[in-house]
4 protein chains.
Amino acid sequence: VKPAEIAALLRPRTPELNAVRRRLARCHAVADLRATARQRLPRGVFDYIDGGAEDEVSLRRNQAAFAEIDLVPSYLQGVADVDLGTTILGVPSPLPLALAPTGFSRMMHPDGELAVARAAGRSGLAYAVSTMATTSIEDIAEVATGPLWFQLYVWRDRGLSKELIDRAKSAGCHALMLTVDTPVPGARERDLRNGLTIPPELTVRTLLDGARHPHWWWGLLTTESVTFANVSNRAAEPSGVMAYVARQFDPALSWDDIGWMVDAWGGPFVMKGILSIDDAERAASLGVSGIVVSNHGGRQLDHTPPPVAVLPDIVDAVGDRLEVLVDSGVRRGSDIVKALALGARAAMIGRPYLYGLGVAGEQGVAHSIDILSAELRRTMQLLGVASVDQLSRTTVQRR
Amino acid sequence: VKPAEIAALLRPRTPELNAVRRRLARCHAVADLRATARQRLPRGVFDYIDGGAEDEVSLRRNQAAFAEIDLVPSYLQGVADVDLGTTILGVPSPLPLALAPTGFSRMMHPDGELAVARAAGRSGLAYAVSTMATTSIEDIAEVATGPLWFQLYVWRDRGLSKELIDRAKSAGCHALMLTVDTPVPGARERDLRNGLTIPPELTVRTLLDGARHPHWWWGLLTTESVTFANVSNRAAEPSGVMAYVARQFDPALSWDDIGWMVDAWGGPFVMKGILSIDDAERAASLGVSGIVVSNHGGRQLDHTPPPVAVLPDIVDAVGDRLEVLVDSGVRRGSDIVKALALGARAAMIGRPYLYGLGVAGEQGVAHSIDILSAELRRTMQLLGVASVDQLSRTTVQRR
Amino acid sequence: VKPAEIAALLRPRTPELNAVRRRLARCHAVADLRATARQRLPRGVFDYIDGGAEDEVSLRRNQAAFAEIDLVPSYLQGVADVDLGTTILGVPSPLPLALAPTGFSRMMHPDGELAVARAAGRSGLAYAVSTMATTSIEDIAEVATGPLWFQLYVWRDRGLSKELIDRAKSAGCHALMLTVDTPVPGARERDLRNGLTIPPELTVRTLLDGARHPHWWWGLLTTESVTFANVSNRAAEPSGVMAYVARQFDPALSWDDIGWMVDAWGGPFVMKGILSIDDAERAASLGVSGIVVSNHGGRQLDHTPPPVAVLPDIVDAVGDRLEVLVDSGVRRGSDIVKALALGARAAMIGRPYLYGLGVAGEQGVAHSIDILSAELRRTMQLLGVASVDQLSRTTVQRR
Amino acid sequence: VKPAEIAALLRPRTPELNAVRRRLARCHAVADLRATARQRLPRGVFDYIDGGAEDEVSLRRNQAAFAEIDLVPSYLQGVADVDLGTTILGVPSPLPLALAPTGFSRMMHPDGELAVARAAGRSGLAYAVSTMATTSIEDIAEVATGPLWFQLYVWRDRGLSKELIDRAKSAGCHALMLTVDTPVPGARERDLRNGLTIPPELTVRTLLDGARHPHWWWGLLTTESVTFANVSNRAAEPSGVMAYVARQFDPALSWDDIGWMVDAWGGPFVMKGILSIDDAERAASLGVSGIVVSNHGGRQLDHTPPPVAVLPDIVDAVGDRLEVLVDSGVRRGSDIVKALALGARAAMIGRPYLYGLGVAGEQGVAHSIDILSAELRRTMQLLGVASVDQLSRTTVQRR
């Protein structure tokens, strides 16, 4: 070893990074964000993000279905510049990616939906705000710099639904996304076993947990509120998530209800939770702008087929009439590549950014987007494909 | 956080639930009842319920076969009201579900078959009383409010069989269910390894176990008897389950014997344990009312195909001539949905209610039924199917 | 509980069984014999029995291939009497089973091949004595009451082969079984890692082991010899098994050599180790009496297909010209049923009886046979098949 | 036991073997070398050798794909003499095997590429020196006695590429091997998690590690240099492997660049990293001498198909126009046999010899070659195939 090298070996590492940066710097993949979130969040909160319905068969298969798709590279294609940009619902997007609606975000971090909206905006991505948000759509719209979509659960009280649509329009949301796979709530047994309530209750178990996750409890106690911000007056007291939600959703909702919602909204209208060709055809015949092929991340009906497995047939059936998005199981840039190669316009993510939110608020959400963006770019380069619109079924191969 | 929320956080939980209710309240799925039964019962008793023949290949595959079937939902179907009712063997049933015959129930709980019959009656479900019951059919009939069926093992002593048929008739049983898959007993090696005897013997091992499960031993010692109630005078002394049973069953039983039994009974006659199209055809040609496609929960011949896998072909062959029921591996409401979509009239459960019986007697059995009923309803709603007779093969999809 | 029952509960178990009987009484399946052998034998000896070549892929797949075959029962067939008898190589056998040749049996138990021969004789089964036996064929013939076969490895020294054939004939062996899958020895890496030598050497490691398995070492030191009894003068000093054997086998052996052996023998001639249709055809064209479809229990070439998987095609090709036996992976009576249903005349076992030999000498071997015999009978009864010649491909079904 | 045998049992083993020989003597398979390397090397170094890209799906599947191929033996073929020789790129080779290019070899052992070259030469095998070697091609050429190939990464600075080609030619390299699957570096997350830098930095973690692996650190500190020897002046300071490499590789490289390289080289030209028929056809149409079907050992694009799975189609397409080599997942002699049976001219290994290098320098590399050579010979004999050119697709069978 030469003297210069010995000196190099002994050079101390600069302590410039602060704690959050250090924490994120150790997260090289979404799986790392997940592992860190598992350490930092109370178990009930982590499991609320991470879990699925009943035996979690669909949850596991969603990811496995991506792993069953091979990527076939072509080399020497000159991929110094890769164009990841596309257009989603008529709006240019720097990535074929959008942030799916997720409820109760203040439970993961006091900044909740504001952190998510800021991070999405920083990357120019669309963010679908949930009906179950813990920040009002108006407050979110104030900080958002990227496109906002509003996700709608239709309530037994149709007046409330109409009111929500009007508020979303006033707040400047670009698209309305109706979730159709929730006639009743799925059985998330981790939540039942953890006794999760919204907002969290102080019990012996949660007090003990508080001692182990003081930063989280401090954030919770100093935040404004973790009740529903859009529908807060109707959620008077803490209760089990499922019990509360079960009382509000309307299982009587039918295809006949879609017309007035499309009309009332008057802009891009997306139906989220489609898994069958029949439902996709029906949506297309009603003139909706897009559908999200999704099984709600395995959180609603267990034993549904993985969205990425039914995607190609649905694209073949309706892909020329509306935009097909897909979510459920996206954890890698390569998953996004596979979804696009099979005909999706874009992928949506939920858990990946929530893990990030739980780990480090806005910076954590941004980090999750950065990871997927870098993976997407690298995967495209290693595949020899220079722009997302060149991805086609020849790129992928079912095992 | 607002003052009202802090107050809410500190509100103590009311201690109204008694121990049994608390125990059951923690059981959200049949898997939880099983886990609790494993803790509360002596190992030999739990294993008697839980185990299967030889290498338990069929036992495991029974459940796996359900998991290999996907459910394909249709949304926006207006499923506020779901009709779970059907008709089984000519009698209306509020659920497409019946309780399969199981032996030695007093070993799981001192209330034994009486607890099962009461819980079945409370839900209006049929209960098939086993020849190997530890309560007499007459005593059970006294407490039963739902339909009773009598399950028959044919004994070397045909007079005993005839006598049992007559007693079942007198006791008001609606149907006779002949089990055909037991020419000899299956090799339940867990029982052999545990040294299980009926009734349980006091040995060094069981005494040690008694110290760990005092409630169970107390129940055993204070119960009337755990010997066979219908055939008790023939079981003079404790012995290995298999050895005893092996001496009683008649391996010479043949199709020629069915005629007199059908005639002697004169009511709905069901054959349980059919796995092949040939046997199903033969049963249909003899004019029996129904068959149960079953491999005895994996407790008889190991390496048999899972009943749910052979169900569709059997339904195609004989479904228009008799009712096809199915058991073996049913642990979720979604399993019942799959069975029905493949053509079964109803599903039967054994272990699920025995776990409940071991955990909390009658309340435990009722809880197991309530779990499956709620899961069944939710699965139907999430599938977009409003009544069980609308379930068809388009609802399911083999992976 | 009635007074009589309490008395029964307190009745002590009679201590009539001796240690060996107790040990065997706890072995309900071959898997139990294996587990007990693992405890009782020095690791090197157990691994020599239990292990396979290289990554043991074939070893594992041999058993898995049986598990991939389903059994389809027919009930009500009147199976009080089941006929397990058949004819193997022209000689009646009470079971469709024979004991495969295995080397170094005195290493498992001081009684070695004598124990095996006595137990085989007690059940009337054929026993194929290995060239690598540690007891001379003459001594074995003296105690054998069932048919003896002699298994031949052809040595570089052809005179030795001829001499062995003559000795086997003089000793009254009924059949000669030529093993063809050993042009060179397989790489049994467990033996290499354990440093196994024949006979065992005293090293620090084996001395330590001796303290843990005193009964085994006592047996070894008091036995006559553990060197090769048929070829002992050529094995002068302890050495690695593979190294020694490698020097003796003749990789130049070819089909041209078969003629003189068939002629020299003049009786039933069996080729063991056939896996391809071509080799089976060639054997049939030479007029041999039988073949054993076998991959040497996964001990020779790793990654070979499981014998039971290639069995049907081989039976179709040559089954009308010679008897087809099968080994490798047989651990259950149901495995024997499957082999017969696919066209085998009989199955052979190696490890199962060696586990028994290691556990309890002759009684252990007899116990392994009794287990398989009982399982075979029960499986036939549960299948509804009353004699082995009624087993056919309709009984089985590939998953 | 006879007196002579007791004496033999007590005979001490001669302590003639030195530590290195002892260590290697315990390595019977590549898996043993890997396990020993894992113990002896710092974690970061072991993981650099052992790891793959992202979720290591391709890494695992590369080996699994070999295990899914069966070998079908023919016996009695007279295989006393087996000819393992072949010709690779016009040069006779005693084995159908070559050493793949691997970077940073001095990190595994101070002798680095010199040890590899010496061991390759001792067996007469070709060794492809990497652009990322830590010894200059001139120094390596000085000690090499077997064929040297030079592996080229094309740099942003094309002048550097040209310079490397010239140096390789001057040094007497027989073939130029252009790696095409690295437009950008793969995401080796183990390296990121370990904080691996080239050369290794002294940090608290590496100091602690030093205490556990003193021999390795001693070797590192006493070696000349672990920076890149061929391109050292451009690698000024320690940095993350990926970051450094990412700055150097040229993602703009395209098929148009191949012409001048083939011309500039003027000798055998091989393209490494081909996975699609299209790319193979294109390579063939440019007149290159050979391709290596490879996914870079699962280190570049994750989720690519295993090379051995795509090999047959590629051989069918271009096998008559150029030589097809294969790497990625070769760990056994039987893997080489399978590759050849599917049409490869030879296999290449990377990790197997690097494990050996880490365990014992030149002797370790030689040992890895000896293991594979012995396994190859034995597998051929057990298959009944006397020379590598007789291997054909009838020898193998996909499960």
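Values reported hereafter were calculated over all heavy atoms of this structure, with side chains retained and with hydrogens, waters and symmetry mates removed. We name chains A, B, ... by the order of the sequence lines, and we start the count at 1 in each one.
Comment: C/Glu68 does not engage D/Arg399 in a salt bridge, judged by the lack of any side-chain N to carboxylate O separation of less than 4.0 angstrom. With respect to the salt-bridge test (charged N to carboxylate O, under 4.0 angstrom), the residues D/Arg331 and C/Asp55 do not qualify.
When atom types are taken as modelled, the side chain of D/Asp32 and the backbone of D/Ala29 share a donor-acceptor pair closer than 3.5 angstrom.
Of the atoms belonging to D/Ser74, heavy atoms from both backbone and side chain fall under 4.5 Å from chain C. Proximity to chain D is limited to the backbone of C/Asp302, based on heavy atoms less than 4.5 angstrom apart. For D/Arg377, no part lies under 4.5 angstrom from a heavy atom of chain C. Residue C/Val57 touches chain D through its side chain alone, counting heavy-atom pairs closer than 4.5 Å.
Note: C/Asp279 leads C/Asp279, C/Val154, C/Asn295, C/Asp250 in heavy-atom pairs under 4.5 Å with chain D. Of the listed residues D/Gln397, D/Arg332, D/Arg26, the one with more heavy-atom pairs under 4.5 angstrom with chain C than any other is D/Arg332.
Separation of atoms CG (C/Leu301) and OG1 (C/Thr182) is listed at 12.0 Å; rounding is to 0.5 Å.
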query: Should C/Ser276 and C/Asp278 be marked as a side-chain hydrogen bond (donor to acceptor under 3.5 Å, both in side chains) after you check the CA-CA gap, both sets of side-chain angles, and the distance that decides it?
result: CA-CA 5 Å; C/Ser276 71; C/Asp278 280 1; 5.7 Å; no

